[in-house]
Amino acid sequence: MESSASGDGSSATTAAVAAAAAVASSSSGPSTSASAFSAGVSGGASATHYLAKRVLHGSAVQHVARGHFRSEHLWEIVLCKGTSLELVVVGEDGVLQSICEQSTFGIVKDVGVLDWRFKHFGIWPEIEGKEILVLLSDSGKLSLLYFCCQMHRFIPIGNIELSKPGNMRDQLGRILAIDHDSAWVAISAYEDAFAVVRVGRTQHVYGPNKEKAKIVHAVYKTSDIRGTVWSMCFMRTRCSMDEYYPVVAMIINRKGSDANDLSMYALAANDGGIQYLSGYSEPGPLALEIAEIPQLDGFGLLFRAGDILIVDLRDPKDICCTIRISMTGSLVGEQISVEDSCRGLDVDDDVAACALLELRDSGNNIMMDDSYMAIDGADNPGSMKSRVICSWSWEPDAMRGQPRLIFCLDDGEFHILEFNWDTEGLKVLPERVHRGLPCKPLLWMDRGMIAGFVEMGDGMILHLEHGRLVHRSTVQNVGPILDLAIADYHGEKQDQLFSCCGMCPEGSLRVIRNGVNVEKLLRTEPIYQGVTGLWTLRMKKTDTYHSFLVLAFVEETRILSVGLSFNDISDAVGFQTEVCTLACGLIADGLLVQIHSKGVKLCLPTSYAHPEGATLTSPVCVDWYPDVTISVGAVGHDVVAVATSNPCCLYILRVRPLSSLQYELYETQHVQLQYEVSCISIPEEDLRLRTSSSAFGGDFRKRKGNNSAAEVDVRMFAVIGTHKPSVEVISLEPDEAFRLLSIGSISVNNALGAPVSGCIPENVRFVASERFYILAGLRNGMLLRFESGTSKDQYLPGSFYKESFAPSLNALLQLVAIRHIGITPVGLVPLHDSANSDIIVLSDRSWLLYASRHSLAYSSISFLPASHVTPVSSVDCPSGLLFVAENCLHLVEMVHGKRLNAQKFSVGGTPRKVLYHSDSRTLLVMRTGLTGASCSSDIVQIDPNNGILLSRFKCELGETAKCIQIAKIGSEQVLIVGTSKSTDRPMMPNGEAESIKGRLIVLSLDTLGSPHECSSFIPTSNLSSSSHTGSFPEIVGYANEDFSSNSMCSSPDDICYNQIQFEQIAGHLRSLTHVTFTGAVLAVYPYLDRYVLAAAGNTLSVFGFVNENPHRMKKYAVSRTRFTITCLKTYASQIAAGDCRDGVLFYSYHENLRKLELVYADPAQRLVGDVVLLDCETAVVSDRRGSISVLSCPGLEGTLSESPEKNLAVQCSFFMGEIAMSIQKAAFKYRLPIGDETDPVLESAYNCVVASTLLGSVFVMIPLTSEEHQLLQDVQERLSLHPLTAPILGNDHAEFRRRGIPSGVPSILDGDMLVQFLELTSEQQQTVLDDGSSVKAPHRSIPVFQVMRMLERVHYALN
C-alpha cells in the first residue's frame, strides 16, 4: 500500500487564523496582545449560544496513503491529520501542493487503499479508473471513499458497520490491513477483537433503468485473541484457498506476557470462522511490527527493537527465521549487519520495551489515555540502547524480483534494504542513505521522491540520488501549538497569530496569518491616485514574460516596461496618453490595441519599447473612430469588441495588413442592442495547454467530449454583461452574422436584495474547468456563477460548435450559485491566460477563487484591500501580481506550493509560552529544553519582524520556567515568571503535586529594547525615466531582513533554519525579586492592578507589593485545592483556577479579610487544558479529552450562602476531537459585506474564543443570538444527513460533537458542517432546506437567502 488544499470555499486552502485583535482576559494589567475592543460589542459575553469553526486545519500528519484518486493517470497522496483529510501532489520540483482539504467529523485511526481501477468496467462510472480510499475511525465503521471531481472532495460509497461509535479497547477500529488483490480488509481492536471483511461491488449494469451498483461485504469476527494487537498484515502462503483463505499475520502481546509473539490466523473455508493456525516467538528483542515482502510470496519482515528478522511464512503452521538484520551499530551511522542465523540472541528486553513505549502511538496516548502529561514532560528523553524502527515504506513499482524498503530509525538514520531472490535463496543488501530527524510516517513515492513527516516538527520531501537522500523541500507542520498570542499586524490592517510550535529539537515560533500567502517584493510611494485600470501585455502570444505595464488614470495613460527597471515608454509604444484607457490587449503578434472613449488605436511599438519592435523612430499607429462615445471594450485574438451607450451598439473590429508595417483596423459587424453593454470579456486561447484528453487543460476551442480524435472547432465568442441585467454569450465568427449563443438573466428580486442598478454586471469571465461556466461580478458586490446543460459527448452547449446552425436547447444559462463578496463592484482577474486559471476577485477585499471547485469556493488573500490587480511575469518574478492599494503599486508573488501562511523562526529548545508586549511591539517567549551548559530554560525577547533576539533572562541551572504573565505594579510593567526547581514532571499521574521546589520571579520590563525603526522599506531598484517619469518615482522594496528563520516566502528550495545567535543580544531582563514555593509554580496571573496570583502545586496564593514597590512582595492569602492547579485567569474581581482533575474553580478575594473564598465549582471532574473568563460569571474551558465547554455561574440571588460544590452550570459544549492547550479571548471586528438596508456597511464585533490544539488546528468560537442559533441548528441537522454534506465516516454527527458531554447540555454549533452549505449550488441548497425529515422539531420553511446572509457574515468575519 502506498499512500491532502485548497481549503473550503469558506476557509483558506491553506487556511489560516482569522483576523483578530485579542482582548485582555483580565481587567488588570496591560494587555498582552492588541488593544482591547470597546465595550458593548454585539454578541456580548453573556451569550449562551455559540458556533465553533476551525479556521486552520491541523498540520500534524499521522497517516498517509498513496493512490490514483482523481484519475488513473495521476498519483496523489492523502494526508490524514486526526479529524481532517488533505489531498496533495508532489510536483517535479519536490514541493508538496495541496489539492483539497476537508473535515471528517470523526477521528481517523488508520488508512488504506483499494485498487479497483481495472475491475468491473461499466458497473460504476463515477469510480472507474480511481482507487478507493479506506478509512478506519472512531465511527465504528469501515469507510470507503472516492474522490468526486465535481464536488472536489471525497464522497463515501460505502460505510461498513463494525462496532459502536467510540474507541473502547475491545471494539474494532484500531488497525487495518488490505490484501494484495484488494478484496479483503483486516481490522483489529486495541485488544482481543479481530475481523476480516470481504469487500466488492454488485454486478448490476449501470443505466437509467437499472439498479445502481453498490458495495457488498461480508464480515467475519472473532474475540478470542486474548491480547493486545500491535501490528498485522495479510500473507500469501501455500495454503490451499479451499482450506484457509485469507491468512493474516499478527503481532500480539498476550495478557500476562512480557514479550510479543507472531501469530497466524486464517478464515476457514469450511465453516467461515477465524482460526488460529500457529505462533512464533524468537528469543531476543521485543517484536513490534510485521510486514509482507512484496513480490516474495510467503516471506515477511518482523521488526523488533534493535533488529529485523526475515521470516518464512509460506507454511503458516511451520514458521522459521532465515535472516537477521542487526541495527545495534554506533549512533554515528555504522553500517547495519546481516546474519544468516538468528538463534540464541541475547538482548535486554526491558530496554526494548521502554523504547517502544516512548514511540508507540505517542500522539494517540496524549489524546486518549490518562498519560496526557507527556506533552508537559522532559524535552530531551534519555538515549535508548536499542535503535527502533519508527517508520518504513516499500518502493512503488520496484524492479521485478528486487523489492526495496526504506526505513527510519528513532535516531534519525535512514536505511534502504534491497531484497534479491536467486538460485542460492534470499539475499539482503543494506545501505545507509541519510541522517536527519526521525520520521513517522514515511512514504516512498514515484520518481525517487520520499516524504517524511516529523511528529512535532516540519516534515521533508527527499529525493534518492546516487544512493543518498537529498533534501528537496519542507512540509510545514505547526503542531503541536502549545500557546498563542494574537496581535495587530502593524501597517497591514490585518492581525496575526504568534504561536509556540513543535518541541525540541524542532521547536519554533510561527507567525500565522489569514488567507492565501503572498510574498511582498516591491512597493512604490503613495502617488498613484485615481488609477482606473491596470494591465500587463506581451509582445507576442508565445512570449513567456510580459513586456508592458499599462496604467490608466482618469485623464491619462502611461506604459512602463516590465523588467529590472520600470521605464516609461509611452511614446515608444504609441498609445494615446492624454486619454483614459478603457481596455487594451494583444490582437496579434507585435500589435497592441488601446480602447478609449473616443476610439480604438492599433500600435506597432518601436524597438526602443521592445527589442522585437519596429526599427523606426516612432511607432506605427492606426485609429478607428465611431460616431458616438465608447463605454466598454475588450481585445482578443484577431478581434476587438467595443460597445457604446447612446445608442446601445456593439461593434466588432478586425485587423488586416496592407503592406509592410502598414495595417488597417476595420469594422466587420455593427449591431444595435436593446440594452446597454456594461462589460465585455473575450476568452483567451491558451496555446501552451493543448491537452485534449484532459478536462482541466487544453484548447477548449478544439475539444468536444472526451474523444480527442473527434476534434470540432468551437466558435469564437465573447461574454457580455448588459443593463437588462443579463449575461450573454455572442458569436464572434468572422463569416457569420451576429448571433446570440446563450443568455443568463439576472432576476431582480428579494434573493438579490438590490435595485436594478446594483445587479448590473461589472465583470464577466468564461471559465473552462471540469465543466464550463461563466462568472459575473456585479456592481453591488455579488458574485454569480452561470452554467448550461450539455449533452453527454459535448463539453460546451451545442450552439457553441461551428457545425451547429439550429438553435440549441441548451442556450439558456442557469444561475447555479450566488455569493456576497462585498459592497463595492466586483472585479475578476485571472492569474494566467488559460481558461482554467484561478481568479482573483476584487471588492472590499481580495479573494482567490478556485476555478476547478464546485459552486463558488474562494479564500481571502493575505494582503491589503486593493482596487486593481494584474498578473505580471518577468525573469526575476515569473509569478508576480501587481496590486494597486492605498495609492501605491505593490509587487507581490503568490508563494508556490505553500500550504500554510506561516513564517517560521527557529528559536531552539521548546517554546512553551508567548506574550505580545504592545509597548515595545516585541514578543516574550518562554523556552525549555535548551542544550546549553549555562541553563536549560530561559525567557527571551524577540523582534517579530525578523526574529532577532533582543534580551534574555536565564533560569538557574536545573530550573525550568513554567509560566509567564505581564503585570503592572503602580506605573511600572513587570514580567511574572513561575518556575520549577526540578526537570521532573511537576505532578503525579493521579493529579497530585510532586514534592519539588519552585520560584515566583519578578522581572523588570522598563528596560526592554524596542525594534529599530530603521526603515520599513529600502530602495532596491531605480526607474530609468523618460520625459514622462515625473509622476513615477523610484520603486522601493521591503527590507532584506536578517531572518534567523525560514520565511518560506521565496522559493521552497531556499531553506534556512538558523538558530538565534546569542551574540546579538542587546540586553538582559533584570530580576527584581523572587519567592520560593513548596511545589512548582505552574500558573501566574495579575489581579486588580495591584496583586499577583500564583499557583504552586495545589496552593493558590495572593501576593501584593508594599507601597507599589516591585522589589517588596508580600503574601496576603492562601487557599488549597485537592489537585494541582495548572492555569489561572481573572476578570475584574473574579478568579478562575483550572484544577487538573476537579475542573474550573471560581474564587473571590476579600481584601479586608485577606481571604480567598471558593464561590463556584465545576459540576464534573475535568482534565483541564486551559481556561478563559469571558466575564465575571462565564468561563470557557478546554479539557484534555478533546472537548471545550462554556460554564456559567447561577443567578446571584441566594447563591453565595449555598455550598460552592459543583454549582457551576454547563451552558454548552463541543467535542473537537483534538486537545486544546491554549485558549484566548479575542474580539473580531469587521465590516460586513451586507447589512441592514439602512446601514449596509455595518461594523460589528464579537467577543470570541480562539483555541489552538496539539495537532496544529485553530478553532474560533463566536456567540450567536437565540434566533440565529435556532435557525442554524435546523440547517445543521439537515446538512448532517444530506448525502453531499453528511460525515464521510458514516457516523452520527450529533453523537460525535456531543461525545463525553452530559445529557441535556446543549451543543455548540459546528461551523465546519455549516459552511458546507456555502459550497453547494443554489439548487442543492434549496434541496437541503426543503428536506425536513432530518429535523426533530416540526418542519418549517427556511429561506435560502436568510441562511446565506447569516453564514456569509460568519465567513466574512473569520476570513
Side-chain angles (χ1 to χ4, degrees), residues 533 535 537 541 550 552 557 573-576 579-605 619-685 701 713-724 728-743 764 766 799-800 802 805:
W535 304 270
L537 306 178
K541 187 71 175 178
V550 181
T557 296
V573 172
F575 277 17
Q576 195 165 335
V579 297
C580 174
T581 298
L582 301 177
C584 60
L586 178 68
I587 192 172
D589 285 351
L591 296 177
L592 307 180
V593 170
Q594 177 194 23
I595 302 174
H596 54 87
S597 61
K598 302 298 182 181
V600 180
K601 194 178 190 70
L602 175 71
C603 304
L604 175 60
V620 176
C621 299
V622 177
D623 292 286
W624 176 87
Y625 297 102
D627 297 331
V628 292
T629 302
I630 296 174
S631 57
V632 293
V635 183
H637 183 65
D638 294 329
V639 65
V640 177
V642 295
T644 61
S645 58
N646 188 19
C648 302
C649 296
L650 180 69
Y651 297 86
I652 306 300
L653 310 178
R654 297 187 184 276
V655 64
R656 58 189 172 199
L658 299 179
S659 62
S660 177
L661 301 181
Q662 290 188 351
Y663 301 89
E664 180 186 8
L665 196 60
Y666 66 100
E667 176 186 320
T668 61
Q669 294 183 29
H670 174 197
V671 181
Q672 186 162 354
L673 304 176
Q674 185 178 0
Y675 297 97
E676 181 182 350
V677 175
S678 63
C679 54
I680 306 176
S681 173
I682 302 177
E684 294 282 350
E685 183 177 0
R701 297 187 189 279
D713 283 343
V714 174
R715 286 185 169 90
M716 293 187 65
F717 62 89
V719 184
I720 64 174
T722 75
H723 283 243
K724 184 180 179 178
E728 302 177 5
V729 183
I730 60 173
S731 173
L732 296 181
E733 279 300 312
D735 300 328
E736 291 184 0
F738 176 81
R739 180 176 179 180
L740 181 65
L741 301 180
S742 192
I743 182 172
V764 289
F766 172 87
S799 60
F800 283 55
K802 285 185 178 180
F805 295 97

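Source: prediction; values computed, not measured. We count residues from 1, following the sequence as given.
Contact annotation: the side chain of V600 approaches that of I630 to within less than 4.5 Å [non-hydrogen atoms, C-beta and beyond]. Under the 4.5 Å side-chain criterion, counting only non-hydrogen atoms from C-beta, L591 is in contact with L602. Side-chain contact between W624 and V640 is absent, with no heavy-atom pair separated by less than 4.5 Å. Between C603 and Q594 there is no side-chain heavy-atom pair separated by less than 4.5 Å. Within the 4.5 Å cutoff, side-chain heavy atoms of L586 are placed close to those of L592.
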Dump the intermediate steps for side-chain hydrogen bond (donor to acceptor under 3.5 Å, both in side chains) on S631 and S645, then the final yes or no. CA-CA 6 Å; S631 57; S645 58; 5.0 Å; no

Show your reasoning for whether side chain to side chain contact (heavy atoms under 4.5 Å, CB included) applies to L650 and I680. CA-CA 10 Å; L650 180 69; I680 306 176; 4.1 Å; yes

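Shown are V550, T557, V635, V573; of these, the side-chain contact (heavy atoms from CB on, under 4.5 Å) with C584 is made only by V550.
Shortest non-hydrogen contact noted between I595 and A641 is CD1-O, 4.3 Å. The nearest pair of heavy atoms linking P619 to P605 is CB-CA, 4.2 Å. Listed here is the closest heavy atom pair of S681 and V764: CB-O, 3.2 Å. Pairing each heavy atom of Y625 with each of K598, the nearest pair is CD2-O, 3.2 Å. Of all the heavy atoms in A552 and W535, the pair that sits closest is CB-CZ3, 3.7 Å. Closest non-hydrogen pair, G599 versus P626, comes out as CA-CD, 3.9 Å.
Taking the six-membered ring where the residue is Trp, F766 and F717 present perpendicular rings, their angle passing 60° and hence far from 30°.
With Q672 contributing its side chain and C649 its backbone, the two residues share no donor-acceptor pair below 3.5 Å. Remark: the backbone N or O of I652 is paired with a side-chain donor or acceptor of T668 at under 3.5 angstrom. A donor-acceptor distance shorter than 3.5 angstrom exists from the side chain of R654 to the backbone of D638, with no hydrogens or angles considered. S678 places a side-chain N or O within 3.5 Å of a backbone atom of G721 that can act as its donor or acceptor partner.
Distance check: F575 CZ to L537 CG gives 6.0 Å after rounding to the nearest 0.5 Å. Distance check, rounded to the nearest 0.5 Å: CD of E667 to CG of L653 gives 6.5 Å. Here the CD1-CD1 distance, from I730 to I743, works out to 11.5 Å after rounding to the nearest 0.5 Å. Annotation: the span from K541 atom NZ to H637 atom NE2 amounts to 7.5 Å, rounded to 0.5 Å. Here the CZ atom belonging to F738 is positioned 14.0 Å from the CD atom belonging to E733, to the nearest 0.5 angstrom. Separating the CD atom in Q669 from the OG atom in S731 is a distance of 7.0 Å, to the nearest 0.5 Å.
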